[in-house]
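For the numbers below, each heavy atom of this structure counts, side chains included, while hydrogens, waters and symmetry mates do not.
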Amino acid sequence: MKRIRVITFSLFIFFLAVFISWTLPGFPSFSFAATLLSLIYANQSEVEKSLLFGFIVGLTLDFITQEVPGINALALAAISFGVCKLKEYFSSGSLLWYFVSGFMAFVSRAIFVLFAHLLIDGTLLMTTDLKSFISAALWTGILSSVYFVGIGRN
């Protein structure tokens, strides 16, 4: 039952990202969806599985957004690993943990991608405006909190 719930939520997030990208052109919806899925899986799984899941989701994001292959894969793998390790040291069952980890996961992914592009092609450029970026980061935190407090309970 838990696997069906995760698959259903994953498909819902993907189609929500497609809908948002059509309606709000500046909103980084696929990055938002990939980060949210990696974060949710990392909060429910072991380190090795979440590292692999984050890498696969990131590689899929690289191919969907025509990014340099491997940038988002490494970013989401590192974020999944970090969330798994940090949840051992903090009160990971609280609403505040899910919100802060979701917000910081999106911000960390963006910073990683920015610096990777700085190293690869020498540009420090973000393809979205600051308002959309902050909105996506906040929505990542909000939806991860909603999932774990409401939907994710057994």
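Contacts of Ser144 classified as side chain to side chain contact (heavy atoms under 4.5 Å, CB included), with partners at least two apart in sequence or in another chain: Leu36, Leu39, Tyr98. Among residues two or more places apart in sequence or in another chain, the side chain to side chain contact (heavy atoms under 4.5 Å, CB included) test is passed with Leu138 by Phe99, Phe103, Ile134. The side chain to side chain contact (heavy atoms under 4.5 Å, CB included) test applied to Ser108 returns Ile79, not counting sequence neighbours. Applying the side-chain hydrogen bond (donor to acceptor under 3.5 Å, both in side chains) rule to Ser31 yields the partners Arg109; only residues at least two apart in sequence or on another chain are considered.
Legend: side-chain hydrogen bond (donor to acceptor under 3.5 Å, both in side chains) pairs involving residues 74-84, not counting sequence neighbours: none detected. Screening residues 35-46 for salt bridge (Lys or Arg N to Asp or Glu O under 4.0 Å) gives Glu46-Lys49 as the qualifying pairs, with residues at least two apart or on separate chains.
Here the CG-OH distance, from Leu52 to Tyr41, works out to 8.0 Å after rounding to the nearest 0.5 Å. Considering CG of Asn72 and OG1 of Thr65, their distance stands at 5.5 Å, rounded to 0.5 Å. Between the CG atom of Leu61 and the CZ atom of Phe30 there is a distance of 9.0 Å, given to the nearest 0.5 Å. Considering CH2 of Trp139 and CZ of Phe32, their distance stands at 8.0 Å, rounded to 0.5 Å. Taken to the nearest 0.5 Å, the OG atom of Ser38 stands 11.0 Å off from the CG atom of Asn43.
Scanning both residues, Val47 and Cys84, for their nearest heavy atoms gives CG2-CB, 3.7 Å. For Leu95 against Ser145, the heavy-atom pair with the smallest separation is CD1-CB, 3.4 Å. Residues Val83 and Trp97 approach most closely at O-CZ2, 4.0 Å, considering heavy atoms. Considering every non-hydrogen atom in both Ser50 and Ala42, the closest pair reads CB-CA, 3.6 Å.
In the hydrophobic clustering, Phe112 connects to Phe55, Leu59, Phe63, Leu74, either directly or through intervening members, whenever side-chain heavy atoms lie under 4.5 Å apart. Here Ile120 is tied into one hydrophobic group with Val68, Ile71, Val113, each link being a pair of ILVMFWY side chains closer than 4.5 Å. Applying the under-4.5 Å side-chain rule to Ile, Leu, Val, Met, Phe, Trp and Tyr, the cluster around Leu119 consists of that residue alone.
A continuous path of ILVMFWY side-chain contacts below 4.5 Å connects Met104 to Leu37, so both sit in one hydrophobic cluster. Grouping the Ile, Leu, Val, Met, Phe, Trp and Tyr side chains by contacts below 4.5 angstrom, directly or via other members, places Leu96 with Val107. Phe81 and Leu76 are assigned to two separate hydrophobic clusters, defined by single-linkage of ILVMFWY side chains at heavy-atom distances under 4.5 Å.
A donor-acceptor contact shorter than 3.5 Å is absent between the side chain of Lys87 and the backbone of Gly82.
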